[in-house]
Amino acid sequence: MENNITIYCQTTALAELRYFLRKTLTMPFLSENDKLQLMLAVEEVCANLIIHSHDCNGEDYINLEVKEYPEKIIFEIKDQGKAFNILDYEIPDLIKVKGEKRKGGLGIILVKKIMDEIEFESASGVNTCRLIKWFQS
Amino acid sequence: MLNIEGLEENGYHILILVGEVDASNSVILDESIQKLIAGGSLAILIDCNELAYISSAGLGVFMSYLEDFQEKNIDFRIFGLSEKVFEVFKILGLHQIMAIFPDKETALSS
């Protein structure tokens, strides 16, 4: 099965990303809730990259590879924009977000709460973000 | 793909969300709510029975108006979330700061 996709840096590509993930996340041990939440976490990272690292430049692109193992799934997201290291961002306080009437900030909370591990590295102009979810056998 | 239909019922302005809300279309949701506030609505209901998916872009729209709703005494309620979508609200703790009801009847009568 084709386990990778390249999307261009426009928010309209997010629907394409979800279509790919729905087709890819078919492992029998995944519940419907798991599938939606994994899709959401991956989309949140990609949306951040599209908007903040690439300023929605449709000529730039992001690559996503889904790696399946018996006990875990790794989503490897690569891009060549301004490095956006999600690990540098602390989970904002929900009441503060509300008080400031902010629309942003919730995506990072979702990614950090849904995923078990997050890795980030930047080398030779390529940023790699790995979202890891472990499953009990 | 997101479609929003608006209707008025028993003094409530109801926005019916159909499809998926993400960063590409959350501005439509934002504008719909903004329009109701600007029009002086005091009761806004969000019908999510046909909402298949919502990312932080859409949830952020709701969040950004919660203070305004309090300040302007606007009764804001959400109903009809599927179990999967409600789980996302719960991950963020939004079910503790928003009025969420299982269905329209409960939302209107509570």
Side-chain angles (χ1 to χ4, degrees), chain A residues 7-19 21-22 25 30-52 54-56 58 86 89 91-115, chain B residues 1-3 17-34 37-38 48 50-72 74 76 78 81-100:
Chain A
I7 58 163
Y8 288 89
C9 289
Q10 293 169 318
T11 53
T12 46
L14 295 171
E16 192 187 337
L17 178 76
R18 291 196 296 276
Y19 178 75
L21 287 167
R22 281 194 187 98
L25 295 173
L30 291 179
S31 69
E32 289 303 310
N33 275 344
D34 290 334
K35 289 178 196 173
L36 183 130
Q37 289 172 23
L38 292 173
M39 183 168 75
L40 181 61
V42 174
E43 173 172 336
E44 295 293 350
V45 171
C46 292
N48 262 330
L49 292 176
I50 289 171
I51 296 164
H52 300 297
H54 295 270
D55 299 320
C56 299
I86 194 170
Y89 292 80
I91 288 189
D93 179 68
L94 200 61
I95 300 304
K96 207 174 159 201
V97 175
K98 176 178 171 250
E100 291 171 353
K101 303 183 182 180
R102 273 166 55 190
K103 290 186 174 63
L106 300 180
I108 287 171
I109 306 180
L110 284 170
V111 178
K112 290 195 170 181
K113 290 202 172 182
I114 292 169
M115 288 298 172
Chain B
M1 184 77 178
L2 171 67
N3 277 309
L17 311 189
V18 180
E20 303 184 324
V21 186
D22 67 14
S24 73
N25 58 26
S26 61
V27 65
I28 306 171
L29 177 61
D30 198 348
E31 285 169 358
S32 302
I33 294 175
Q34 182 60 52
I37 296 173
C48 297
E50 301 296 324
L51 177 69
Y53 178 83
I54 186 164
S55 75
S56 72
L59 298 169
V61 170
F62 294 143
M63 277 292 285
S64 71
Y65 286 112
L66 293 183
E67 285 286 308
D68 286 338
F69 294 148
Q70 269 182 343
E71 287 163 14
K72 295 183 167 76
I74 296 171
F76 178 75
I78 294 174
L81 292 170
S82 70
E83 190 208 324
K84 285 188 293 184
V85 175
F86 186 48
E87 277 302 314
V88 177
F89 279 69
K90 287 204 281 191
I91 291 172
L92 290 169
L94 298 181
H95 61 304
Q96 292 169 329
I97 57 171
M98 290 183 189
I100 299 174

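All values below come from the heavy atoms of this structure, side chains included, with hydrogens, waters and symmetry mates left out. Reminder, nothing fancy here: chain letters follow the sequence lines and each chain counts from 1.
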- Query: How long is the span from the CE atom in A:Met39 to the CG atom in A:Leu25, to the nearest 0.5 Å?
  - Reply: 8.5 Å
- Do the side-chain N and O atoms of A:Ser31 and A:Asn33 include a donor-acceptor pair separated by under 3.5 angstrom? no
- Message: Taking every non-hydrogen pair under 4.5 Å, which of A:Thr11, A:Ile114, A:Leu36, A:Ile108 racks up the most with chain B?
- Response: A:Thr11
- Scored by heavy-atom pairs under 4.5 Å with chain A, the best of B:Val88, B:Leu66, B:Ile91, B:Val61 is B:Ile91
- Item | Region of B:Asp30 in contact with chain A, defined by heavy-atom distances below 4.5 Å | side chain
- Message: Can you list everything that forms a side chain to side chain contact (heavy atoms under 4.5 Å, CB included) with B:Val18? Sequence neighbours excluded, please.
- Response: B:Asn3, B:Ile16, B:Glu50
- Measure from the side-chain N and O atoms of A:Glu43 to the backbone N and O of B:Ser55, and report whether any donor-acceptor pair falls under 3.5 Å. no
- Item | Atom group of B:Glu71 that falls short of 4.5 Å from chain A, counting heavy atoms | side chain
- Message: Below 30° counts as parallel, above 60° as perpendicular, anything between as tilted: where do the rings of B:Phe86 and B:His95 land?
- Response: perpendicular
- Note on the structure: Most heavy-atom pairs under 4.5 Å with chain A, out of B:Glu20, B:Glu83, B:Glu87, belong to B:Glu20
- Message: Counting heavy-atom pairs under 4.5 Å with chain A, which one of B:Ile97, B:Val85, B:Leu59, B:Asp68 comes out on top?
- Response: B:Asp68
- Region of B:Leu92 in contact with chain A, defined by heavy-atom distances below 4.5 Å: both
- Determine the option with the most heavy-atom pairs under 4.5 angstrom with chain B, choosing from A:Lys113, A:Arg102, A:Lys98. A:Lys98
- Query: So, are A:Lys35 and A:Glu32 salt-bridged, with charged N and O less than 4.0 Å apart?
  - Reply: yes
Report all side-chain donor-acceptor pairs from residues 45-52 of chain A shorter than 3.5 Å, counting only partners two or more places apart or in another chain.
none

- Query: Quick one: what part of A:Ile95 sits under 4.5 Å from any heavy atom of chain B, side chain, backbone, both or neither?
  - Reply: side chain
